[in-house]
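Data first, discussion second: the structure below is written as structure tokens.
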Protein chains: 2
Amino acid sequence: MPVLTSRQNEIIEAAIRIISRKGIQEFTIRSLSRELGISEPAIYRHFESKTDILAALLEFLHADTIATFDTVSGDGPALAQLEQYFSLLFLRLQERPAVAAVVFSDEVFLNEERLAATVRALVELTIDNTTRLLTHAKQNAEIPADVDEYDLATLLSGGVRLLVRRWHMDSGSWNLCERGSRVIQTFIRLIDIRT
Amino acid sequence: MPVLTSRQNEIIEAAIRIISRKGIQEFTIRSLSRELGISEPAIYRHFESKTDILAALLEFLHADTIATFDTVSGDGPALAQLEQYFSLLFLRLQERPAVAAVVFSDEVFLNEERLAATVRALVELTIDNTTRLLTHAKQNAEIPADVDEYDLATLLSGGVRLLVRRWHMDSGSWNLCERGSRVIQTFIRLIDIRT
DNA sequence: ATGAAGTTAGTGAACGTTAACTACTATTGT
DNA sequence: ACAATAGTAGTTAACGTTCACTAACTTCAT
């Protein structure tokens, strides 16, 4: 896990902005240099290649996802932690719409062979986080013992991804936190067997 | 809705194959012509531009999704129709893995301004189909009256999208129909209030 | 004889990347 | 205190390649 310079982080953030606005096809060294206000070769002072930039971008997203998950309290009912996790996720994405546009856009990166494994890991991360909490919920008898928590994690994680994607397609014109919380609560109400 | 020539359909299918294998970045007129075994200019005998090909590709996916949905019986419990719809979807995608790789890859097409509206419509299509069936289910008292069927459709549609995406990332190494049916059944069991 | 579908050859523009050089700053030996 | 040295981050110019696309010509079935 290499430590990045501040300039490298600026470049990654500029890359995220470009991809979120125009898609991967418009992400070129040229567009990136213009976004940063420097010449194209100057970028090569900070990264060896374009692919290296994308790799660093993916690591940034990975670290960001882990950081979000690590912020949830860690005690109390597992379902409450689940709700807290996604609320925080929505909040963070709403604060940084460009990240929201990119974080679930896996297929965008899949063409580059070198990046495939990292993309994969990123997709699995949210699913695994969710599955783990649901397993706890099952152990605590918060949810039925006979449902597959991996299936549930697929539905929940997939639903969240779709919601974030549509929010981006709508240019962030509605409140992601609000709508997102409703979806999460709808889901939790379905599986919660306490009371 | 323009009628396509057989050659145009061949070109669209070749395009889907390339994008599913290599991603949108490797989808060029050159790679397309090689896939078809003809020269690059020959393609322009059938489409005016590269964007026109992508537009036709999206229309193809749109029509395909509608066709799948129209095949479900239309009578019986709405939840059974829902299950039938997704089973058929999984079956069709498993038969054509290249289509599976592309049909839910919206962000891949979002850069081209001309295509954005069509992409949007394609995303909404599955959600709307699902929502409609869930509204029926609610009217028939198959599911609780106080859950938002649009939230449910987001979860279900999103879960299916994620599952199909992961199936593609795993190069179709597991059985999509089987795994998919399990997820759908898990979902239906959560919302079904009949017994 | 015509029109559809192919070819070869070539266009300008954009691609990622490298070479050669410069301004500025920090470190260091005297 | 200060010149020599080295490192950092930028520049312009140019590399060879690929991009989408066009012009002009050929082949061939109707």
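Side chains included, hydrogens not; waters and symmetry mates left out as well; all remaining heavy atoms used. Below, chains carry the letters A, B, ... as their sequence lines are ordered, and counting in each starts from 1.
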Using a strict 4.0 Å threshold on nitrogen-to-oxygen distance, state whether B:Arg7 and B:Glu10 make a salt bridge. yes

Can you measure B:Glu40 atom CD to C:dA5 atom C1' for me and round it to whole angstrom units? 16 Å

Among C:dG6, D:dG10, C:dG16, the one nearest any side-chain atom of B:Ala42 is C:dG6

Output yes when at least one side-chain N/O atom of B:Arg7 is less than 4.0 Å from OP1 or OP2 of C:dG6, else no. yes

Looking at B:Arg179 and B:Asp170, is there a salt bridge between them, counting it only when a charged N and a carboxylate O are closer than 4.0 Å? no

In whole Å, I'd like the distance from the CZ atom of B:Phe27 to the P atom of C:dC15. 18 Å

Does one side chain, of B:Glu26 or B:Ser31, offer a donor that lies under 3.5 Å from an acceptor on the other? no

Give the rounded distance in Å between these two atoms: CZ of A:Phe47 and P of C:dT18. 16 Å

At less than 4.0 Å, is any side-chain N or O atom of B:Thr28 found next to OP1 or OP2 of D:dC19? Yes or no. yes

Could you check whether A:Ile29 gets within reach of a base, just the sugar-phosphate, or nothing at all, counting any heavy atom under 4.0 Å? base

Among D:dA20, C:dT17, C:dT7, which nucleotide has an atom closest to any side-chain atom of A:Tyr44? C:dT17

When you check the phosphate oxygens OP1 and OP2 of C:dG6, does a side-chain N or O of B:His46 lie under 4.0 Å from one of them? yes

Of the non-hydrogen atoms in A:His168 and A:Ser20, which two are nearest, and what is the gap between them? NE2-O, 3.1 Å

Residue whose closest nucleotide on DNA chain D lies nearer the 5' end, B:Ser31 versus B:Pro41: B:Ser31

Rounded to whole Å, how long is the line connecting atom CD of B:Glu10 with atom P of C:dA5? 11 Å

Taking atom types as modelled, is there a side-chain donor on A:Arg92 or A:Thr68 under 3.5 Å from an acceptor on the other? yes

From the list C:dG6, D:dC21, D:dT12, which nucleotide is the closest neighbour of the side chain of A:Ser39? D:dT12

Going by number, which of residues 17-26 of chain B have a non-hydrogen atom under 4.0 Å from DNA chain C? none

Provide, to the nearest angstrom, the distance between the CD1 atom belonging to B:Ile53 and the P atom belonging to D:dA20. 9 Å

The side chain of A:Arg45 lies closest to which of these nucleotides: D:dA20, C:dT7, D:dG10? D:dG10

Listed nucleotide nearest any side-chain atom of B:Arg30, set C:dT17, D:dC19, C:dA5: D:dC19

With a 3.5 Å cut-off and sequence neighbours excluded, list the donor-acceptor pairs that the side chains of residues 75-83 of chain B form with protein atoms.
| from | atom 1 | to | atom 2 | distance (Å) |
| --- | --- | --- | --- | --- |
| B:Gln81 | NE2 | B:Asp75 | O | 3.4 |
| B:Gln81 | NE2 | B:Gly76 | O | 3.3 |
| B:Glu83 | OE2 | B:Gln185 | NE2 | 3.0 |

note: A:Leu54, atom CG; C:dG16, atom P; distance rounded to Å ~ 10 Å

Less than 4.0 Å between a side-chain N and a carboxylate O, is that true for B:Lys22 and B:Glu35? no

Mind calculating the distance between CZ (B:Arg34) and C1' (D:dT18) to the nearest angstrom? 10 Å

To the nearest angstrom, the CD-P distance between A:Glu48 and C:dG16 comes to 17 Å

Does any N or O in the side chain of B:Asp148 come within less than 3.5 Å of the main-chain N or O of B:Tyr150, such that one atom is a donor and the other an acceptor? yes

